[in-house]
Asks: 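Quick one: the structure is below, questions incoming.
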Amino acid sequence: MSRPMSADLLDGLNTEQLRAVTWPARSALVLAGAGSGKTRVLTTRIAWLLSTGQASPAGVLAVTFTNKAAREMQTRLSAMVPVNVRAMWIGTFHGLCNRFLRIHHRDAGLPATFQILDTQDQQALIKRLLKSLEVSEEKFPPRAVQNFINGNKESGLRADKLSAHDAYTRKLIELYAAYDAQCRREGVCDFAELLLRSFEVLSANAALREHYSERFRYILVDEFQDTNRLQYAWLKLMAGRHANLFAVGDDDQSIYAFRGADVGNMRALLSDFSVAEPVRLEQNYRSMGTILKAANALIERNDGRLGKNLWTDAGDGEPIRLYEAWSDGDEAEFIVEEARTLKREGFDLADMAVLYRSNAQSRALEHALVNAGLPYRIYGGLRFFERQEIKHALAYLRLVANPEDDNALLRVINVPARGIGARTVENLQLASREQGVPLWRAACGAGGGRSAAALGRFVLLVEDLRRKAEGLTLAETVSLVIDHSGLRDMYEADRKEGEERLANLDELINAAAGFMADDPSQALIEFLSAASLEAGDHQAEAGEDAIQLMTVHSAKGLEFGAVFVSGLEEGLFPHENSFNDQKGLEEERRLMYVAITRARQRLYLTCAQSRMLHGQSRYPIRSRFVDEVPAELLRVLSSGRRPAPEREAARAPWLGDGMPVSHARDLAGFAIGQSVSHARFGTGVVVNAEGSGQDARLQINFAEQGLKWLDLRFAKLTPV
DNA sequence: AATTCTGAACTTTTT
DNA sequence: GTTCAGAATT
């Protein structure tokens, strides 16, 4: 090698990328636009720090949001420099906090074997708690309680720090406290708890804090715009007085406010860490110029941006195609037809994506794809570790690790059915509450009777599993549990779904066989943690050339040669739930920005004039986001099945341009989108309809009264 | 204890 | 329109 390694590393970086990679040992905020080489900058910086000797592997802390991103960083890094990956802390916030808490479980007041509750587990625990406290699920929906708890944890707030003026919130706080107490009793942590607990340990323990902030001289964060308040506070503690935080993010791609992400952290970082000015990566290596122009013009309408303009030297490329279908079915057929054409032109199906705002939209697309015989793949839905058979097997494994795990016990106490019914379980819970012991101990001490005999057999089964598992490898343990618990027999007897579930269970054994534990004596515990922290990819069918269907959210970070952004209608995208406030609308716009910037060469925007939603036809108007794309960048494609011109001329004027007459139903002179006035409710707009003629019911959005269904037989409406 | 029935929900998602 | 959970039924 004739040149120093660091020079090779830096080859091919543009000026701004180079500035970011070789940033001195102080904090930075890198505003990395879509397709600007963000991951490359991040990994190259770590490689550069290591190969120039500025940092040792043990001194690097790199945080991502997904396991996939963490893995990619590790893989790319080890391709760049010879590095001891084990010494570096590269992982997700949750993965790293788990690692931290395993090491310091004593300081954290956790058992060495603490288990991690995923979202499902957490919900189950909350439901159980509500029942035991005799709190009505009507008044306190488990989902709402869950959101309250997680929201507060993500803001760093414990129940005892909260206060309320109303009885309802006071009850929520009470439930929060009871929930935490229950988790403590069972030795389990939910996702937010991993963060909060390690934050608290660091805050309370100066020596520990000192140790870590001395150790991690270089902290790097990916997707910084997605951090919540607690994560930011955790990073600040880790950074300590060195305050050396290298954050990469894009405020224009912040689309996770609904789960606590706070874009404000980006501005906060600038002042908290005295960063004068962000480094802007604005050169885009992905999309053609027209696509970027559209994205820039759209996002410019948002307020309070840090500011950024994407550019490319790749040329303008093709115009953006706009297609206004007259129904969701027509939209889907258009997309399928177009995809076929693109395939003939040389695009791989796998290089095309159909994006939509909400999962429900996939149905019409799926239907059209099946009809056309085009292979496709839908992202979303259950992932590997979320499947019931996998969760059952894991519950048995948890009992092997710790029989006092109530969640696990309740999950499988009667799976497969072994004569322990709801009544028995109820009695067991009563006993455990009275004696203040975990369910397991109550079950061990259960007295005589028929149900006690069944309970006794279950206790024996678990004890037997525990005994037999000693000295076995992880894979053998998993295999033992599946066979001996009766799960295998149960699924073998299931004609309908058994086969697939058995295959998944075998896959679980494979996963265990391939699992590398840091500490082999803790293999089971580590495996269970990994299973909770990584639900598994939406694993792709390897090698199949299939068109990709996914929500805009799950498309973030991906790119495709051709992208269809579908369902561009008011109420859908932007979603109606975000109409209320400007913040919500701006997040929707960022979402659109993310959608647009996924495309390399071809971008299609599609919408429909009628759409089935919740089992009802809706007649939405085209999304404002379509109109925010400069018209000169668009080529409007006309519908292949446009109604004949003379009929088109007959359509009602208020239906807007292009509304096919066939959709203007007979609603006694009224139409969707029309303004009307009512003697009592004032003025409003017809937004939906059922039935026809004098029998029709109209849904009207009144300025004062909001949405109302009115029966045309009774309501006196006058057109405005 | 298993099966069928009813009704409520229904935006986005990772850990 | 569909799914999912919990209630009601057998």
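Below, chains carry the letters A, B, ... as their sequence lines are ordered, and counting in each starts from 1. These numbers come from the heavy atoms of this one structure, side chains and all, not from hydrogens, waters or symmetry mates.
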Asks: Considering only side-chain heavy atoms of A:H553, which listed nucleotide, B:dT12, C:dT2, B:dT14, is closest?
Replies: B:dT12
Asks: Using atom CG of A:L533 as one end and atom C1' of B:dT14 as the other, report the distance to the nearest whole Å.
Replies: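 Going from A:L533 (CG) to B:dT14 (C1'), I get 11 Å.
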Asks: Could you work out the separation of C:dA5 and B:dT12 based on their C1' atoms and round it to a whole Å?
Replies: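 Nearest-Å result for C:dA5 against B:dT12 at atom C1': 22 Å.
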Asks: Identify, between A:D118 and A:G421, the residue whose nearest nucleotide on DNA chain B lies closer to the 5' end.
Replies: A:G421
Asks: Heavy atoms only, 4.0 Å cut-off, all strands: where does A:S578 land among base, sugar-phosphate and nothing?
Replies: nothing
Asks: Rounded to whole angstrom units, what separation is found between the CZ atom of A:F384 and the P atom of B:dT14?
Replies: 17 Å
Asks: Output the distance between atom CD (A:E331) and atom CD (A:Q609), rounded to the nearest 0.5 Å.
Replies: 11.0 Å
Asks: Is a donor-acceptor pair below 3.5 Å formed from side chain A:T92 to base B:dT14, judging by atom type as modelled?
Replies: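 It does not, because no donor-acceptor pair links the side chain of A:T92 to the base of B:dT14 below 3.5 Å.
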Asks: First locate atom CG of A:L572, then atom CD of A:E576, and finally report the distance between them rounded to the nearest 0.5 Å.
Replies: 8.0 Å
Asks: The test is salt bridge (charged side-chain N to carboxylate O under 4.0 Å, His left out); show your working for A:E154 and A:R259 and say whether it passes.
Replies: CA-CA 9 Å; A:E154 279 158 13; A:R259 67 177 198 214; over 6 Å; no
Asks: Whole angstrom is fine here: how far is it from NE2 in A:H575 over to C1' in B:dA9?
Replies: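 Rounded to the whole Å, the gap is 13 Å.
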Asks: Less than 4.0 angstrom between a side-chain N/O of A:K127 and OP1 or OP2 of C:dA5, yes or no?
Replies: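 Negative; the distance criterion is not met.
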Asks: Counting any heavy atom closer than 4.0 Å, what does A:Q123 reach on the DNA or RNA strands: base, sugar-phosphate only, or nothing?
Replies: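 The residue A:Q123 makes no contact with any strand.
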Asks: Counting only side-chain N and O atoms of A:T551, is one of them less than 4.0 Å from OP1 or OP2 of B:dT13?
Replies: yes
Asks: Between A:F65 and A:N359, which is nearer to the 5' end of DNA chain B once each is assigned its nearest nucleotide?
Replies: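 Comparing both residues, the 5'-ward one is A:N359.
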Asks: Below 4.0 angstrom from OP1 or OP2 of B:dC10, is there any side-chain N or O of A:R618?
Replies: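 No, because none of the side-chain N or O atoms of A:R618 sits under 4.0 Å from OP1 or OP2 of B:dC10.
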Asks: Could you state the CG-P distance from A:D222 to B:dT15, rounded to the nearest angstrom?
Replies: 13 Å
Asks: Rounding to an integer number of Å, can you tell me how far A:R143 CZ sits from B:dT13 P?
Replies: 13 Å
Asks: Do NZ/NE/NH1/NH2 and the carboxylate oxygens of A:D328 and A:R363 come within less than 4.0 Å?
Replies: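 Salt bridge between A:D328 and A:R363, a charged N being under 4.0 Å from a carboxylate O: no.
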Asks: In whole angstroms, how far is the P atom of B:dT13 from the CD1 atom of A:I255?
Replies: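 That distance rounds to 9 Å.
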Asks: Measuring to OP1 and OP2 of B:dT15, would you say a side-chain N or O of A:S532 lies under 4.0 angstrom away?
Replies: no
Asks: Across the strands shown, which category fits A:F93 at heavy-atom distances under 4.0 angstrom: base, sugar-phosphate, nothing?
Replies: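 Contact class for A:F93: none.
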Asks: Could you tell me how far apart A:E72 (CD) and B:dT14 (C1') are, to the nearest whole angstrom?
Replies: 16 Å
Asks: Any idea which of B:dT12, B:dC10, B:dT15 is nearest the A:H614 side chain?
Replies: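 Of the candidates, B:dC10 comes closest.
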Asks: Please determine if a side-chain N or O atom of A:N577 lies less than 4.0 Å away from the OP1 or OP2 oxygen of B:dT12.
Replies: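 Answer no for this pair, as no side-chain N or O of A:N577 is under 4.0 Å from OP1 or OP2.
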Asks: Show your reasoning for whether salt bridge (charged side-chain N to carboxylate O under 4.0 Å, His left out) applies to A:D222 and A:K38.
Replies: CA-CA 9 Å; A:D222 191 16; A:K38 174 195 73 162; 3.2 Å; yes
Asks: Tell me: CD of A:Q120 to C1' of B:dT15, nearest whole Å?
Replies: 13 Å
Asks: Could you give me the CA-CA distance, side-chain angles and deciding distance for A:E186 and A:R128, then say whether salt bridge (charged side-chain N to carboxylate O under 4.0 Å, His left out) is met?
Replies: CA-CA 13 Å; A:E186 295 182 30; A:R128 190 146 50 81; 3.2 Å; yes
Asks: Using the side-chain heavy atoms of A:E137, tell me which of these nucleotides is nearest: C:dG6, B:dT15, B:dT13.
Replies: C:dG6
